[in-house]
Amino acid sequence: MDKKLHLLESFTAKGSDGAIYKVCGYEHLVRDESLMGADEHWEPTGLAEYRLDDGQRIEVSRDGSMRVAGTGVQLQRH
């Protein structure tokens, strides 16, 4: 099963360390192989993820708060 990420949004966020970060939100897509034809058809899986523009993963809590994974840096949407 082929998978890919689709960029949904990007925004800046201020970190608890005082730095400004660019955050990118992606949705996971899978190829729908039941539809034959010249064009590829991709369907959303219902999964999403956030990463910094350098690829570092962002953890998002149920309350919507964000933290750079492995660093403890909290992010506040700008």
Side-chain angles (χ1 to χ4, degrees):
M1 180 180 301
D2 292 334
K3 298 178 183 179
K4 71 178 182 178
L5 295 177
H6 172 73
L7 180 65
L8 290 175
E9 65 173 332
S10 65
F11 56 89
T12 57
K14 184 171 184 177
S16 57
D17 60 355
I20 301 296
Y21 295 89
K22 181 178 179 183
V23 178
C24 300
Y26 300 93
E27 71 177 333
H28 290 240
L29 302 175
V30 292
R31 186 191 317 254
D32 184 346
E33 295 181 9
S34 68
L35 299 174
M36 297 298 196
D39 295 333
E40 295 181 345
H41 186 78
W42 295 87
E43 290 289 327
T45 64
L47 298 174
E49 69 180 64
Y50 288 85
R51 294 184 175 268
L52 295 180
D53 61 347
D54 68 2
Q56 196 168 5
R57 196 170 54 83
I58 301 295
E59 297 169 344
V60 181
S61 299
R62 290 181 188 252
D63 66 1
S65 61
M66 297 177 289
R67 185 180 70 169
V68 180
T71 68
V73 174
Q74 298 287 329
L75 297 175
Q76 182 71 36
R77 195 172 183 139
H78 227 219

Let me see the working for L52 and V23 under side chain to side chain contact (heavy atoms under 4.5 Å, CB included), right down to the final yes or no.
CA-CA 5 Å; L52 295 180; V23 178; 4.1 Å; yes
Can you sort out the partners of E49 under side-chain hydrogen bond (donor to acceptor under 3.5 Å, both in side chains), two or more places apart, ordered by chain and number?
H28, R51
Out of curiosity, F11 CZ to M66 CE, how far, rounded to the nearest 0.5 Å?
4.0 Å
Pairs satisfying salt bridge (charged side-chain N to carboxylate O under 4.0 Å, His left out), at least one member in residues 10-23, at least two apart
none
Could you work out the complete set of other residues in the hydrophobic cluster of L7, with links drawn between I, L, V, M, F, W and Y side chains under 4.5 Å apart?
L5, Y26
Under the criterion side chain to side chain contact (heavy atoms under 4.5 Å, CB included), I'd like the reasoning laid out for D2 against V30: C-alpha separation, chi angles, the key distance, then a yes or no.
CA-CA 6 Å; D2 292 334; V30 292; over 6 Å; no
All heavy atoms of S16 vs all of V73, minimum pair found to be OG-CA, 3.6 Å
Determine, step by step, whether K3 and T45 satisfy the side chain to side chain contact (heavy atoms under 4.5 Å, CB included) criterion, reporting the C-alpha distance in whole Å, the side-chain angles of both residues, the deciding distance to 0.1 Å, and the verdict.
CA-CA 10 Å; K3 298 178 183 179; T45 64; over 6 Å; no
Is there side-chain contact between H6 and W42, with heavy atoms separated by less than 4.5 Å?
no
Stepwise side chain to side chain contact (heavy atoms under 4.5 Å, CB included) test for R57 and E59:
CA-CA 7 Å; R57 196 170 54 83; E59 297 169 344; 3.6 Å; yes
Mind listing the closest non-hydrogen atom pair of L75 and A13 along with its distance?
CB-CB, 4.1 Å
Looking only at non-hydrogen atoms, find the nearest pair between E9 and Y50 and report the distance.
OE2-OH, 2.9 Å
